Amino acid sequence: MKTSKEHTLCVCGCCKRSLPANAFYINRKTGLPGNYCKECRKSASRNGRKTEKLSLICNKEVSYPVITCTEDPVLRHELILHALETVAASLERKRRKVRESEFELAD
């Protein structure tokens, strides 16, 4: 006697409805239907993405001063100069590293 997956009833772990197996996503590893029906899985995913986006926006505490958000013009000027010095130092380190590698290749 054959049992087809369309006729097998499964109970959703979220909404507790008895639904046919084709109303559930199939786990690729086990080949069995998942615990939540497709509707509940979609709504749970949507809600998770919404809360994730909200938490990223709301809990965004910055540990460093942001130049564009700084109202004080003197502090903003100092931050810009510091950023320029940092970039110049980084570029100088990279150029020195390239020169050293070229010097070693020439030997």
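In this text, all values refer to a predicted model and were calculated from it rather than measured experimentally. Count residues from 1 along the sequence. The figures here come from the full heavy-atom set of this structure, side chains too, leaving out hydrogens, waters and symmetry mates.
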| Nearest atoms (heavy-atom pairs only) where S18 meets V11 | OG-CG2, 3.7 Å

| request: Please name all residues satisfying side-chain contact (heavy atoms from CB on, under 4.5 Å) with K42, sequence neighbours left out, ordered by chain then number. | output: Y25, R46

Show me the donor-acceptor pairs, under 3.5 Å and distance only, between side chains in residues 92-100 and residues at least two apart or in other chains.
residue	atom	partner	partner atom	Å
E92	OE2	R99	NH2	3.0
R99	NE	R95	O	3.4

| note | To the nearest 0.5 Å, atom CZ of F24 lies from atom SG of C12 at 5.5 Å

| Nonpolar side-chain network containing I67, other nodes, edges under 4.5 Å | L75, L79, I80, L84

| note | N35 meets the side-chain contact (heavy atoms from CB on, under 4.5 Å) criterion, sequence neighbours left out, with none

| request: Kindly state each residue pair satisfying salt bridge (Lys or Arg N to Asp or Glu O under 4.0 Å) with at least one member in residues 14-23, sequence neighbours excluded. | output: R17-E39

| task | Give a yes or no on whether the backbone of T86 and the side-chain of S90 come within a donor-acceptor separation of less than 3.5 Å. | result | no

| note | Correct closest heavy-atom pair for C37 and L19 would be CB-CD1, 3.6 Å

| said: I'd like to check the side-chain contact (heavy atoms from CB on, under 4.5 Å) partners of T30; sequence neighbours left out, ordered by chain and number. | reply: N27, L32

| Which pairs, with at least one residue in residues 79-89 and sequence neighbours excluded, count as a salt bridge (Lys or Arg N to Asp or Glu O under 4.0 Å)? | none

| field | Residues which pass side-chain contact (heavy atoms from CB on, under 4.5 Å) with L81, listed by chain and number, not counting sequence neighbours | value | H77

